[in-house]
Amino acid sequence: NPVLALFAGAPNWKIATLGLLVVFVGPFFEEIIFRGWLFKALQRTRPGLWIALPASTLIFALLHSFYSPGGIAVIALLGAGLGWLRWRYDQLWLCVAAHAAYNGLTLTMVALA
């Protein structure tokens, strides 16, 4: 597993740093870009949600194309769910929290595998 290879033999401080980046920093910046800026910009167009949700989901998934096809599909579902949260509640912090929770759960599952 390439994710586990990042952690193999690493000192605890490196593992903790990687964990913080994956669980908190990544989701924070990705949500600012994808649901904070891109989604809201597309939502202001004439088609509104009809273009904002699929376009931001597709771009989000494609930028994670280093995953397997199944992984990309899961990322697309995550992106769609985060886009729905942004549309439904109009609160970016909910998207950040949900994304961080997803990454934390995924990291935990990979580490325990």
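Just the heavy atoms: all of them, side chains too, but no hydrogens, waters or symmetry mates, feed the values below.
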Mind checking what makes side chain to side chain contact (heavy atoms under 4.5 Å, CB included) contact with [X], not counting sequence neighbours?
X   : answer
T45 : P47, I51
I32 : F28, L92
T17 : W13, L21
L38 : F34, L42, S56, I59

If we ignore hydrogens and angles and just use 3.5 Å, is the side chain of S65 paired with the main-chain N or O of L62 as donor and acceptor?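 Answer holds: yes.
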
Is it possible for you to say whether [X] and [Y] belong to one hydrophobic cluster, with membership spreading through side-chain heavy-atom contacts below 4.5 Å?
X    : Y   : answer
I75  : L85 : yes
W50  : L82 : no
L105 : Y67 : no
V25  : W93 : no

Side-chain polar contacts of residues 106-113 - donor-acceptor pairs under 3.5 angstrom, sequence neighbours left out - could you list them?
residue : atom : partner : partner atom : Å
T106    : OG1  : Y102    : O            : 2.9
T108    : OG1  : G104    : O            : 2.8

Verify side-chain contact (heavy atoms from CB on, under 4.5 Å) between W84 and Y89, making sure each step is shown before the conclusion. CA-CA 8 Å; W84 178 84; Y89 297 103; 4.0 Å; yes

Would you mind reporting whether F60 and L78 have side-chain heavy atoms less than 4.5 Å apart?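 A side-chain contact exists here, since the closest heavy-atom pair is under 4.5 Å.
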
L53 versus W87: any side-chain heavy-atom pair under 4.5 Å?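 Side-chain contact under 4.5 Å: no.
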
Heavy-atom pair of closest approach, residues P54 and L49: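 Looking at all heavy atoms of both residues, the closest pair is CD-O, 3.7 Å.
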
For a quick test of reading the model, state the closest non-hydrogen atom pair linking R35 to C95 and the distance between them.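 R35 and C95 have their closest heavy atoms at CG-SG, 3.9 Å.
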
Could you state the interatomic distance from CZ (F39) to CZ (R44), rounded to the nearest 0.5 Å?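 Going from the CZ atom of F39 to the CZ atom of R44 covers 11.0 Å.
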
To the nearest 0.5 Å, how far apart are CG in L77 and CD1 in I72?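 These two atoms lie 12.5 Å from each other.
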
Can you list every salt bridge (Lys or Arg N to Asp or Glu O under 4.0 Å) pair that touches residues 68-95, not counting sequence neighbours?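 Residue pairs passing salt bridge (Lys or Arg N to Asp or Glu O under 4.0 Å), neighbours aside: K40-D90, R86-D90.
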
